[in-house]
Protein chains: 2
Amino acid sequence: MQKIESTKNEQIKQINKLKQKKYRQQTNTYLLEGWHVIKEALTHQPAEILTLLMTNDHFEEVDPFLVNAKFAVLQISPQIAEILSDTVHTDGIFAVAKLPDPQKIELDIEKPWLVLDHIADPGNAGTMVRTADAAGYAGVVFSAGAIDPFNSKVVRAMQGSQFHLQVLQLDDLEAFLTAQRKKGYRLFGTLVDDSATDIREVTLKDQHYVLMMGNEAHGLSPELAEIANDNLYLPIFGNAESLNVAIAAAVIMYQLQMKL
Amino acid sequence: MQKIESTKNEQIKQINKLKQKKYRQQTNTYLLEGWHVIKEALTHQPAEILTLLMTNDHFEEVDPFLVNAKFAVLQISPQIAEILSDTVHTDGIFAVAKLPDPQKIELDIEKPWLVLDHIADPGNAGTMVRTADAAGYAGVVFSAGAIDPFNSKVVRAMQGSQFHLQVLQLDDLEAFLTAQRKKGYRLFGTLVDDSATDIREVTLKDQHYVLMMGNEAHGLSPELAEIANDNLYLPIFGNAESLNVAIAAAVIMYQLQMKL
């Protein structure tokens, strides 16, 4: 196993650049941090891992995954871990992973899809991917104006769900929606407006639907609300003005899935 | 209106100390930041405000609330706003508010209660208060081991919901639960364990229930799970290992409220 001690090592510098979108796109890779998420990758999608980097206290837990492993393994110093880390207390394990190959994304999975239209906050975005995974969705499509799904803060909040469902960002969101509609999918928008359809009144006969959540401050884009078969709202029983978007998405996803 | 320019002003120093729990408890006050939440306070509970501090660009929006106002108003410099701020971009308006008076907390409201047992993350805690408000709950009780509900990050995430429902921290949580049970409340725990009761199988005839959410890493305390009439779990339809606690709380609160 190669050992890297110097914080000025060229490979480390290159890996550290993956915190920037530009370098993720140039290399088609992104950075994972933390044993929890790396274990998800090693368990579900080991071929996605290109390089594993760890301080020496991870050898034991990683060892069972190294049999037939196709990726490089580097031992790094705690100082390098601090540099690569995006958290307050790093656990000292990182991986360079492949970005999903657009050619290999499976858009035909016959389960619900979540669309994140102009979602700006990485924690919200990642949490919604994780919740969509729990709710049994096929995947999450980020609009071109949304945050990059492989931003490190999004990746942290996804907690490895990108290895369980499809996660992609599309320039042409309307083409995706049109294609889904042709396959018999219903398109649900969401509005903070009680002229929309109360979530309790929706009836569903199968999992062929797309749920679209809008920007934290501005809501769903008017053209998406327009294209939707129904726009849904979640009733407010108390005095809060609104709900956090990731909270609203979770309640609606579970409400819909539990109707089936 | 008194004008404060010096960042070394003694009153500003004292107010800045409210970021620490010790000083909040000594003075029975806490700090609010941002027009959104301060407007909620001025609208719903103006008597809770002791001092309003703002840069000069807030005069117009604040003006309607100053008629008969009982609180002091201070004009502060942008430099002072930066010092008091707990956010990346402050909007330059702050208030010193009273902590809820334990003598005045209404524990008899006949709506559901949420209990946060050892919740550690301020964003999670504040988001759950906001969601409980939206779901029409009477209040949120923090256990002694949970984060302080008036920590600045909790306050930011509550978005003013503390002016709509009861928010309190109790040393003797079991006394509260016993009292609620005597009033005919059902106690629901939550477990990440499918031997517990699936949320879909719960039947409810009224709003007399307490929902208890446990610590992010360790779940609900065994003694609370023991005291519960039922422990609930939320089914995972996909491959995520778990849900964020604020997400799980939201889905369960809405699931329960929508059964009524």
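Residue numbers begin at 1 in each chain, while the letters A, B, ... track the order of the sequences.
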Hey, could you give me the CD/CZ distance between Q207(A) and F237(B), rounded to the nearest 0.5 Å?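 Q207(A) CD to F237(B) CZ: 9.0 Å, rounded to 0.5 Å.
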Would the number of heavy atoms belonging to other residues, nucleotides or ligands and lying under 6.0 Å from [atom1] of [X] be above 12?
X: H218(B); atom1: NE2; result: no
X: E60(B); atom1: CD; result: no
X: K183(B); atom1: NZ; result: yes

Decide yes or no for E241(A) and Q159(B): does some side-chain heavy atom of the first lie under 4.5 Å from some side-chain heavy atom of the second?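 Answer no - side chains too far apart.
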Between Q257(B) and P235(A), is any pair of side-chain heavy atoms under 4.5 Å apart?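 A side-chain contact is absent here, since even the closest heavy-atom pair is not under 4.5 Å.
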Write down the atom of [X], the atom of [Y], and the distance for their closest heavy-atom approach.
X: N239(A); Y: D133(B); value: N-OD1, 3.0 Å
X: M258(A); Y: I199(B); value: CE-CG2, 3.6 Å
X: A240(B); Y: H164(A); value: N-ND1, 3.9 Å

Chain B contacts, top residue of [options] (heavy-atom pairs, under 4.5 Å):
options: A250(A), A134(A), G136(A); answer: A134(A)
options: A132(A), S161(A), S242(A), A248(A); answer: S242(A)
options: L234(A), T127(A), L243(A); answer: L243(A)

Let me know if T131(B) has heavy atoms under 4.5 Å from chain A in its side chain, its backbone, both or neither.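 Looking at T131(B), backbone and side chain both touch chain A.
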Quick one: are the ring centres of Y254(A) and Y254(B) less than 6.0 Å apart?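 When the ring centroids of Y254(A) and Y254(B) are compared, they turn out to be at least 6.0 Å apart.
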Heavy-atom distances under 4.5 Å only: say whether R130(A) touches chain B with side chain, backbone, both or neither.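 Both parts, backbone and side chain.
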